Amino acid sequence: MKSPMNAFESILAALDKLEIRYAIGGSFASSAHGNFRFTNDIDIVVQIPDVLVSEFAAALGPDFYFDLQTMRESFRMGRSANVIHKPSVFKFDLFPAGENRFRLAELNRRVFKETQFEGQTIECAVVSAEDTI
């Protein structure tokens with residue numbers, strides 16, 4: 001059975017493939033910085049132009065559930081969209097940076113860190129509390 005770790009690696013690979021800027025936030029980022037807490041999802045701030053939404057969805061493949069039209073509409077309105085990894089039923093919340101100053105600041109101050117997820121080490125961009133706006 002595919003795990004949430006496999007799902008996370010797939011999401012990161014799709015973002016990297018399309019050169020989409022991202023930063024992991026929420027409890028995952030908090031844990032990466034040493035303040036351990038856990039929820040059953042991973043929050044990701046993304047700077048994804050509308051023209052790449054379909055390509056991003058295609059890069060995720062059939063193991064993920066999302067509604068492409070809802071994702072597009074949510075991003076246009078500056079709202080989050082959910083992506084669910086079907087084999088593990090693990091959820092990712094995608095928050096579009098758009099023109100939102102706070103989210104853009106999160107992307108600008110992101111740091112790449114090695115951290116633990118499901119007992120494995122993974123390196124990814126996480127938000128940092130430094131240099132807040």
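Position 1 is the first residue of the sequence, and the numbers go up from there. Please read all numbers here as calculations on a predicted model, not as lab measurements.
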**Prompt:** Between F64 and H85, how do the two ring planes meet: parallel, tilted or perpendicular, split at 30° and 60°?
**Reply:** tilted
Under 3.5 Å donor-acceptor pairs involving side-chain atoms of residues 48-57, not counting sequence neighbours:
{"residue": "D50", "atom": "OD2", "partner": "R76", "partner atom": "NH2", "Å": "3.3"}
{"residue": "S54", "atom": "OG", "partner": "R72", "partner atom": "NH2", "Å": "2.2"}

**Message:** Once rounded to the nearest 0.5 Å, what's the spacing between atom CG of N82 and atom CG of L94?
**Reply:** 8.0 Å
**Prompt:** In chain order, what residues pass the salt bridge (Lys or Arg N to Asp or Glu O under 4.0 Å) check against D67, with sequence neighbours excluded?
**Reply:** none
**Prompt:** About how many Å separate CD of Q120 and OG1 of T115, when rounded to the nearest 0.5 Å?
**Reply:** 12.5 Å
**Separation of I84 CD1 from F90 CZ (nearest 0.5 Å)** = 11.0 Å
**Asked** salt bridge (Lys or Arg N to Asp or Glu O under 4.0 Å) with R79: which residues, sequence neighbours excluded?
**Response** none
**Request:** Could you pull out all residues at least two apart from D16 that satisfy side-chain hydrogen bond (donor to acceptor under 3.5 Å, both in side chains)?
**Result:** none
**Asked** What are the two closest non-hydrogen atoms of A81 and F75, and how far apart are they?
**Response** CB-CE1, 3.8 Å
**Complete:** Between the CD atom in Q47 and the CG atom in N100, the distance rounded to the nearest 0.5 Å is 11.5 Å
**Item:** Joint cluster assignment, Y65 & I42, ILVMFWY side-chain distance < 4.5 Å
**Value:** no
**Request:** Of all the heavy-atom pairs spanning F92 and P4, show the shortest one and how long it is.
**Result:** CZ-O, 4.5 Å
**Request:** Could you please spell out the steps behind the side-chain contact (heavy atoms from CB on, under 4.5 Å) verdict for K91 and V83?
**Result:** CA-CA 6 Å; K91 183 175 70 126; V83 174; over 6 Å; no
**Asked** Do the side chains of V126 and L104 join up, straight or via other hydrophobic residues, at under 4.5 Å, putting them in one cluster?
**Response** no
**Request:** Give the minimum heavy-atom separation between A97 and R103, together with the two atoms involved.
**Result:** CA-CB, 3.8 Å
**Message:** Would a single hydrophobic cluster contain both V45 and M77, if residues Ile, Leu, Val, Met, Phe, Trp and Tyr are joined by side-chain heavy-atom contacts under 4.5 Å?
**Reply:** no
**Prompt:** Any chain of hydrophobic side-chain contacts (each under 4.5 Å) joining L15 to F117?
**Reply:** yes
**Message:** With clusters defined by side-chain heavy atoms of hydrophobic residues (ILVMFWY) lying less than 4.5 Å apart, directly or transitively, does I20 cluster with L68?
**Reply:** yes
**Prompt:** Under the side-chain contact (heavy atoms from CB on, under 4.5 Å) criterion, do V127 and I24 qualify, and how do the steps go?
**Reply:** CA-CA 6 Å; V127 299; I24 309 300; over 6 Å; no
**Asked** If every non-hydrogen atom of L107 is compared with every non-hydrogen atom of A23, which pair is closest and at what distance?
**Response** CD2-N, 3.7 Å
**Message:** Would you compute the distance between atom OG1 of T121 and atom CD of Q116 and round it to the nearest 0.5 angstrom?
**Reply:** 3.5 Å
**Asked** Is the backbone of K86 close enough, under 3.5 Å, to the side chain of K2 for a donor and an acceptor to pair up by distance?
**Response** no
**Asked** With E123, which residues qualify under side-chain hydrogen bond (donor to acceptor under 3.5 Å, both in side chains), at least two apart?
**Response** none
Validation: residues 7-14 side-chain donor-acceptor distances under 3.5 Å, sequence neighbours left out:
{"residue": "S10", "atom": "OG", "partner": "N6", "partner atom": "O", "Å": "3.0"}

